[in-house]
Structure formats: structure tokens, C-alpha cells
Q: 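Below are the C-alpha cells for one structure; questions will follow.
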Amino acid sequence: MQKRLEEEIQFRGLTYIAGEGKHPVGEWPGEPSYLVFDLSLEAAKTLGRKFNQNAIVWCGLDAVPKLILRNWGQTLIKS
């Protein structure tokens, strides 16, 4: 599923950096992640829904990361 997400990001011509989300002490395996630039919140939610993501992290112009959970209604702000 993550490979298809990366292909979609590339198809849309979006600028991104591939990474890996890991637990700080390695209690579970890492998973691929993508930092995508210049993507609106609605576009990010659409990608999250399409690719069955449990959550997304999104930043606006204020540079405050927001954790958007899968129910796509609840936003948790972590800084």
C-alpha cells in the first residue's frame, strides 16, 4: 500500500522526501513515510483516505504539526 502511495505522490508531481517512522527505542518495526510539501489539508486527507492511512501529520503556514486521526474529524496538536 505504501508503494502505491509513493507512486500516487509521484504521479501528482508533488515534491516529497521518503522517510521511515520508527519507535524511539525500536519496540516495533519502522514503516515507510513521506513528507509531502505544498499539500493542502483537504488534499492530504484525501490521500490518507485513498491509501487507508490510520493518521496523517500535517503542517500549515504556522509550522505547527497536527496529528489528524483516521476518523478525519479529530485533530491533535503536538509540538
Q: Might you work through the side chain to side chain contact (heavy atoms under 4.5 Å, CB included) test for D38 and L14, ending with a clear yes or no?
A: CA-CA 8 Å; D38 299 320; L14 299 168; over 6 Å; no

Q: Going from OG1 on T15 to CD on Q10, what distance comes out if it is rounded to the nearest 0.5 angstrom?
A: 11.5 Å

Q: Taking V57 as the starting point, is it possible to reach L69 by hopping between hydrophobic residues whose side chains are less than 4.5 Å apart?
A: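 Yes, L69 connects to V57 through the hydrophobic network.
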
Q: Check P65 against C59 and note the closest heavy-atom contact, atom names and distance.
A: CA-SG, 3.3 Å

Q: So, taking the atom named CZ in R49 and the one named CZ in R70, what distance separates them when rounded to the nearest 0.5 Å?
A: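 Spacing of CZ (R49) from CZ (R70) equals 11.0 Å.
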
Q: Given side chains that start at C-beta, do those of R12 and L47 come closer than 4.5 Å, heavy atoms only?
A: yes

Q: Within a strict 4.5 Å, meaning less than it, do heavy atoms of the I68 and L41 side chains meet?
A: yes

Q: For F37, look at atom CZ and say whether over 12 heavy atoms of other residues, nucleotides or ligands are found less than 6.0 Å away.
A: yes

Q: So does E6 get a backbone contact from the side chain of E8, meaning a donor-acceptor N/O pair under 3.5 Å?
A: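 Judged by distance alone, no pair lies under 3.5 Å.
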
Q: Check whether any side-chain heavy atom of Q2 sits under 4.5 Å from a side-chain heavy atom of Y34, and report yes or no.
A: yes

Q: What are the two closest heavy atoms between K66 and D62, and how far apart are they?
A: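 For K66 and D62, the tightest heavy-atom pair comes out as NZ-OD2, 3.4 Å.
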
Q: Please give me the minimum heavy-atom distance between S40 and W58, naming the atom from each residue.
A: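 Heavy atoms only, the tightest pair is C-NE1, 3.5 Å.
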
Q: Return the CZ to CD1 distance between R4 and I9, rounded to the nearest 0.5 Å.
A: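 Reported value, rounded in 0.5 Å steps: 13.0 Å.
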
Q: Could you report the tightest heavy-atom contact between G21 and S33, atom names first, then the distance?
A: N-OG, 3.8 Å

Q: Under the rule for salt bridge (charged side-chain N to carboxylate O under 4.0 Å, His left out), what residues qualify as partners of E7, not counting sequence neighbours?
A: none

